[in-house]
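For reference, the structure is listed below as structure tokens.
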Protein chains: 2
Amino acid sequence: MKNRLKDLRTERAWTQADLAQRVGVSRQTINAIETGKFDPSLPFAFRLAKLFNLKIEELFLDDQ
Amino acid sequence: MKNRLKDLRTERAWTQADLAQRVGVSRQTINAIETGKFDPSLPFAFRLAKLFNLKIEELFLDDQ
DNA sequence: GGCCGATGTCAAGTGTGCTTGACATCGGCG
DNA sequence: CGCCGATGTCAAGCACACTTGACATCGGCC
């Protein structure tokens, strides 16, 4: 499950801490997801997609 | 996080066990998600959306 | 070189997604 | 009524999503 988080975040010149605050999780969680440590929960994925005005399928790529 | 699982499943005349097998989880997991006990993981939500040919946003409704 | 903000990562703890196994209930059908 | 498949639900256990706190590293800037 790859994602475009890091690109979208840096495009906007946000730090991991900035993004974490906007979606209500810890900075370590953002870092773990960007670096592929684990996948976000579904409600968290919805909040991220909403923030970037994208469909979940546009943010997260199913590589099985 | 509401979902349209039960409707889509019964439209196709599938049992919970049928659906569980198609997406690779236990029957109890399907039941728990249909009855709102908890939300599926993101990879599992992708499998369900793919099975029904829907966007994740069309299957799961964010009610926060 | 020395400072500092941003990032990566570890450890330990909590909550939840999901499992197997079991049992109760409901509805349709003989 | 009695049977049976489908559904709902409980308990116990495991894996993972996420937390706080801490520390190492990297890059830019003085």
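Predicted model only: the values in this text are computed from it and were never measured. To find a chain, count down the sequence lines: A is the first, B the second, and so on, and within it residues start at 1.
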- Task: Write down the distance between CZ (F60(A)) and P (dA17(D)), rounded to a whole number of angstrom.
- Result: 12 Å

- Find out whether N3(B) and I33(B) are in side-chain contact, i.e. whether some heavy atom of one side chain is under 4.5 Å from a heavy atom of the other. yes

- Query: Is there a donor and acceptor pair closer than 3.5 Å between the side chain of Q28(A) and the base of dG21(D)?
  - Reply: yes

- Check: A13(B) main-chain N/O paired with T10(B) side-chain donor or acceptor under 3.5 Å: no

- Message: Whole angstroms only, please: what is the CZ-C1' distance between R9(A) and dG5(C)?
- Response: 13 Å

- Note on the structure: From CG of N3(B) across to C1' of dG17(C) the rounded distance in Å is 15 Å

- Check whether any side-chain heavy atom of I56(A) lies under 4.5 Å from a side-chain heavy atom of L48(A), and answer yes or no. no

- The correct set of residues in residues 15-27 of chain B placing a heavy atom under 4.0 Å from DNA chain D is T15(B), Q16(B), R27(B)

- Closest non-hydrogen atom pair, G24(A) against R47(A): O-NH1, 3.9 Å

- Query: Is the shortest distance from a Lys or Arg side-chain nitrogen in E34(B) or R9(B) to a carboxylate oxygen in the other one below 4.0 Å?
  - Reply: yes

- Task: Nearest whole angstrom, please: distance from the C1' of dG17(C) to the CD1 of I30(B).
- Result: 13 Å

- Task: Identify, residue by residue, the members of residues 31-44 of chain A with a heavy atom below 4.0 Å from DNA chain D, and return them in order of residue number, or none.
- Result: I33(A), F38(A), D39(A), P40(A), S41(A), F44(A)

- Message: Strictly below 4.0 Å: does K6(B) bring a side-chain N or O up to OP1 or OP2 of dA6(D)?
- Response: no

- Task: Quick one: do F52(B) and R12(B) satisfy side-chain contact (heavy atoms from CB on, under 4.5 Å)? Show the steps, please.
- Result: CA-CA 10 Å; F52(B) 291 116; R12(B) 287 160 179 75; 3.5 Å; yes

- Please report the C-alpha distance between F44(B) and L42(A) in whole Å, then the side-chain angles of each, then the deciding distance to 0.1 Å, and finally whether the side-chain contact (heavy atoms from CB on, under 4.5 Å) criterion is met. CA-CA 9 Å; F44(B) 180 26; L42(A) 189 57; over 6 Å; no

- Message: Closer than 4.0 angstrom, basic N to acidic O: yes or no for D62(A) and K50(B)?
- Response: yes

